[in-house]
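Taking it in order: structure first as structure tokens, then the write-up.
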Amino acid sequence: MTSLTGKSSLSVSKGPAGRAIAEHMEDALVEAFQQHLTMERNASAAYFAIAIWFAERELRGFAEFFKNEAKSEQEHACKFADYLIARGQTVLLQELPAPRQNWSSPQEILEASFQMEADVTTSLNQLYAIAERSSDMRTTVFLDPTIDSQINSENDFAHLMGRVKFANDQPSAMLIIDGELSEGKHSPAKLA
Ligand SMILES: [Fe+2]
């Protein structure tokens, strides 16, 4: 409440950045959020490097697919930064290592990508567990749709990995998959 003189009669808690905070966020949870944000930025750099690898080998559909994945990982990092700011926390950007650029085959890339998606899901689940332990309902609500879309990503990568394995390094088969990716077709069959 504000009095006629403009002075607030309530004392509002402030976070490290000086913004008002409605509910304290546990230190362990903030630290885990910072690490997860770094993981999303690393994933974005990794996918950008993979897009380049495919572009250099004339597989433009794969390059397009991984370029879009790089963008969406960057958007995830933005979402986590927005959330930390909304909760009155300071976003700490950590140094990123150079992404891997040497690969022996598309199959190896797809396997590594699937594993990276699975690791991101594990990290989200850990965040969820810490949020639940500290009864931070705002965070569990924030994480719910994120975990849901992460499971869809795992499914997409499993599908693409399966098709690339199917192609067995045959150029004609790889070009068919590449053409599908150029048309934005990267999801598994839907039976429902
Ligand atoms: Fe992500």
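Start at 1 and go down the list; that is how both ligands and their atoms are numbered. Each residue takes its place number in the sequence, starting with 1.
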Inset, instruction - Give every residue pair that meets the side-chain hydrogen bond (donor to acceptor under 3.5 Å, both in side chains) criterion with at least one member in residues 39-49, sequence neighbours excluded. - result: His36-Glu40, Glu40-His76, Tyr47-Glu117
Inset, instruction - Would you check if there is a donor-acceptor pair between the side chains of Glu31 and Gln35 at a distance under 3.5 Å? - result: yes
Inset, instruction - Take the angle between the ring planes of Phe62 and Phe54 and call it parallel below 30°, perpendicular above 60°, tilted in between. - result: parallel
Legend entry - For Tyr128, all residues meeting ring pair (Phe, Tyr, Trp, His ring centres under 6.0 Å), sequence neighbours excluded: none
Legend entry - Protein N/O/S atoms closer than 2.8 Å to the Fe ion (ligand 1): Glu40 OE1, Glu73 OE1, His76 ND1
Inset, instruction - Report yes if the side chains of Asn68 and Ser72 come closer than 4.5 Å at any heavy-atom pair, otherwise no. - result: no
Tell me which donor-acceptor pairs under 3.5 Å the side chains of residues 160-170 have, and how far apart each pair is, sequence neighbours excluded?
{"unit_1": "Arg163", "atom_1": "NE", "unit_2": "Glu180", "atom_2": "OE1", "d": "3.1"}
{"unit_1": "Arg163", "atom_1": "NH2", "unit_2": "Glu180", "atom_2": "OE1", "d": "3.2"}
{"unit_1": "Arg163", "atom_1": "NH2", "unit_2": "Glu180", "atom_2": "OE2", "d": "2.7"}

